[in-house]
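Notes follow the structure.
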Amino acid sequence: MGGPLIGAALLLALAAPVRPFQLPTANHALFDKGGEERFFVGTVGKPWTTGTFGCVRSGGWQMHEGLDIRCLQRDKHGEPTDPVLATADGTVVYLSTRPSLSNYGKYLVVRHQVEGLEIYSLYAHLSEFQRDLKPGDPVKAGQPVAVMGRTTNTREAISKDRAHVHFELNLLASDRFAGWFKKTFPGQRDDHGEWNGQNLLGIDPRAILLAEREQGPKFSLLGFLQGQTELCRVLVRKTSFPWLKRYGALVQPNPRAEKEGVVGYEVALNFNGVAFELIPRAASEVKGKAKFQLLSVNEAEYHKNPARRLVAKAGNHWELTSHGLNLLELLTY
Ligand SMILES: [Zn+2]
């Protein structure tokens, strides 16, 4: 009897749904029907939707790059005490310990490898980190890494009733961020090196967590990224940049370019600037010599999600804005 039973248990374990990401606190109301009010914290006087990811603030013109997850546990002074948990197995890469240096307050960044893709989770407004936690430390999914708090450097403090963890899942734009920042914003301070929020391109953690739950073992992060809605398509006259390696799985084959020689990449961007499809192009396939050439714009998506202002309409044609050009400079730096 023992043999087959153990075999069956092993098979079950192997077939168990693999969910690469987990909720970062004990608040699981995201998964309850109608549980949004108990899960998200909106901005002052605004509905819970302003605590979700996307163009959800200032009438759609301000981006919120993560989820603001409501606190469940408080001390006798009403301060949040929820343990903050690693969303997946990974490695700690950054602890920002001085709240005055960021609107994230004290924050933590963890690197994960999922299906060969590098994803960075970020946890912000923390009160403290798990004791002795430092960059390089491995963490396990669900492991406590910090305690929820209300730290921030913004003029307006986070009130006790709005206590939350700000949780992000990101792709890393470039490991040459510090150099790019110095060149692009001379004289400005970058206190966080490549762990500056500008270098982290957020994807929607809520959509990922819900898709994982719905699709079970069929969920694929690569599929999720490839399924992003296109905001625009750009030709970049660059053939070597970190994104191509870090997110090589997003590069599509093109035998013609491989045969004739690659002169650049056609890049599809979602509304938040995530390059989710890259196609190598040969000289015979491209026109013009511009470093960055806007090929097309999905107007419906622009009207739905405009906050990043990557493109704009000038008269009756579309162009890349300074924000769009900055993003492309960073992605290809
Ligand atoms: Zn937030």
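First listed ligand is number 1; within each ligand, the first listed atom is number 1.
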Quiz item: Is the distance from the Zn ion (ligand 1) to the nearest N/O/S atom of H125 under 2.8 Å?
Solution: no
Quiz item: Can you tell me if D68 has an N, O or S atom under 2.8 Å away from the Zn ion (ligand 1)?
Solution: yes
Self-check item: Aromatic F31 / basic R213 pairing, under 6.0 angstrom, 45° off normal
Solution: yes
Quiz item: Is any N, O or S atom of H166 under 2.8 Å away from the Zn ion (ligand 1)?
Solution: yes
Practice problem: Determine, using the 4.5 Å side-chain heavy-atom cutoff (strictly less than), whether F177 and L244 are members of one ILVMFWY cluster. | Solution: no
Quiz item: NE2/H192 to CG/L95 distance, rounded to the nearest 0.5 angstrom?
Solution: 12.5 Å
Quiz prompt | Distance-only donor-acceptor check, side chains N103 and N153, under 3.5 Å | solution = no
Quiz item: For the Zn ion (ligand 1), which N, O or S atom of H64 is at the shortest distance?
Solution: NE2
